[in-house]
Amino acid sequence: MENVGDPSRPNWAIVLHAGAGNFSRDQLQESGEPHRAALMMALKRGRRILQSEQGTSLTAVEIVVRALEDCPWFNAGRGSVFTHEGLHELDASIMDGRTLACGAVANTRVAQHPITLARRVMEQTPHVMLAGAGADAFAAGSRVRLVPNSYFSTPYRRRQWEDALSSTSDKFGTVGCVALDRHGNLAAGTSTGGLTNKRPGRVGDSPIIGAGTYANNRTCGISASGIGEQFIRHAVAAQISAMIEFGGRSLHQAAHLLLDKRLPQRAGGVIGIDPRGNILCHYTTSGMYRGWADSTGRLQTKIWD
Ligand code: ASP
């Protein structure tokens with residue numbers, strides 16, 4: 001149903017993140033300007049889709065996440081962190097809030113755009129998640145772009161991994177997007193390289209529907225970033241949705257309750273949109289790369305408060 005009645009209510013909205021983390025301004029080269037420019041470029045791609053009559057939230061989410069996967073600054077696609085063995089194993093998921101259809105891949109080593117592979121799992125298989133060698137075999141047969149594993153490497157991530165080999169690391173980062181289209185449909189997607197120096201085979205929350213990603217037209221769309229084990233334990237994305245549906249909470253109340261009262265301190269952040277177009281960004285880390293836009297003309301990116 002198209003929203004034309006209430007002028008204060010946006011008829012489309014989009015929010016993206018490129019990771020919540022405990023980083024300081026000094027750690028970001030040139031005060032984060034290249035990061036902010038990349039966020040804005042991705043946001044405008046999503047906006048263009050949602051402005052058009054036929055644009056769907058699902059496609060906006062996929063296109064935005066692909067743009068962020070291509071950006072070497074963020075921990076997803078090119079620029080993903082290294083595993084303990086010095087490789088890259090990527091996770092992603094996508095969900096359609098209209099139908100609750102969803103797709104996910106875990107530990108793919110060859111898909112240039114894991115989010116697109118996740119969408120193929122959703123649309124071309126009867127399954128929800130494919131992992132490891134099975135995901136890569138499916139990638140080879142489903143006409144997504146394949147790359148050698150070294151494509152994902154960047155000098156910055158290699159240095160981060162080498163430092164992490166001699167100490168424990170809490171370096172993380174992920175990208176994600178939530179969108180509401182003119183037809184009232186919500187979608188959400190998340191893509192990540194996971195945690196620096198992770199054990200090969202480790203799977204975080206990003207490809208787990210209900211933990212790192214969730215979308216339901218009745219409640220909200222959510223994409224998370226942070227310490228995946230905590231987000232899985234607390235089923236963060238699904239719990240936020242359930243608190244709205246069964247607990248009478250708003251999106252903001254639900255996200256604040258869960259992140260502030262249930263998760264350990266500085267565990268991460270979430271972005272979300274509810275069916276009325278209210279946009280949420282909430283994090284308990286020092287910062288979160290994020291941006292949002294809607295049909296009322298809002299268009300903004302931020303890293304810190
Ligand atoms: N949640 C991701 C994971 O644990 C990492 C992140 O969001 O930074 O794999």
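In each ligand, atom 1 is the first atom listed, and ligand 1 is the first ligand listed.
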message: Measuring from atom 3 (C) of ligand 1, which candidate in K198, R202, H17 has the nearest non-hydrogen atom?
response: R202

message: Is G19 close enough to touch ligand 1? Criterion: a residue heavy atom under 4.0 Å from a ligand atom.
response: no

- request: Give the atoms of ligand 1, by number and element, whose distance to some non-hydrogen atom of S225 is under 4.0 Å.
  value: 6 (C), 7 (O), 8 (O)

message: Please report whether ligand 1 has a polar contact with G228, defined as an N or O pair separated by less than 3.5 Å (distance criterion only).
response: yes

- request: Please name all residues satisfying salt bridge (Lys or Arg N to Asp or Glu O under 4.0 Å) with R298, sequence neighbours left out, ordered by chain then number.
  value: D294

- prompt: What pairs meet the side chain to side chain donor-acceptor pair (under 3.5 Å) rule with one or both residues in residues 121-138, with sequence neighbours excluded?
  reply: T108-D136, R119-E123

query: When you check the gap from the basic side-chain N to the acidic O, do E69 and R66 get nearer than 4.0 Å?
result: no

field: Residue that, paired with L280, satisfies side chain to side chain contact (heavy atoms under 4.5 Å, CB included) out of I240, I271, L251, V15
entry: L251

field: Any S206 heavy atom less than 4.0 Å to ligand 1
entry: yes

query: Going by atom types alone, do H252 and D274 pair a side-chain donor with an acceptor below 3.5 Å?
result: no

query: Should the ring pair H88 and F82 be called parallel, tilted or perpendicular, given that the plane angle runs from 0 to 90° and is split at 30 and 60?
result: tilted

task: Could you tell me whether D91 and ligand 1 have an N or O pair separated by under 3.5 Å?
output: no

message: Tell me whether G226 has any N or O atom under 3.5 angstrom from an N or O of ligand 1.
response: yes

- prompt: Counting heavy atoms only, which of V203, T174, D205, L195 is nearest atom 1 (N) of ligand 1?
  reply: D205

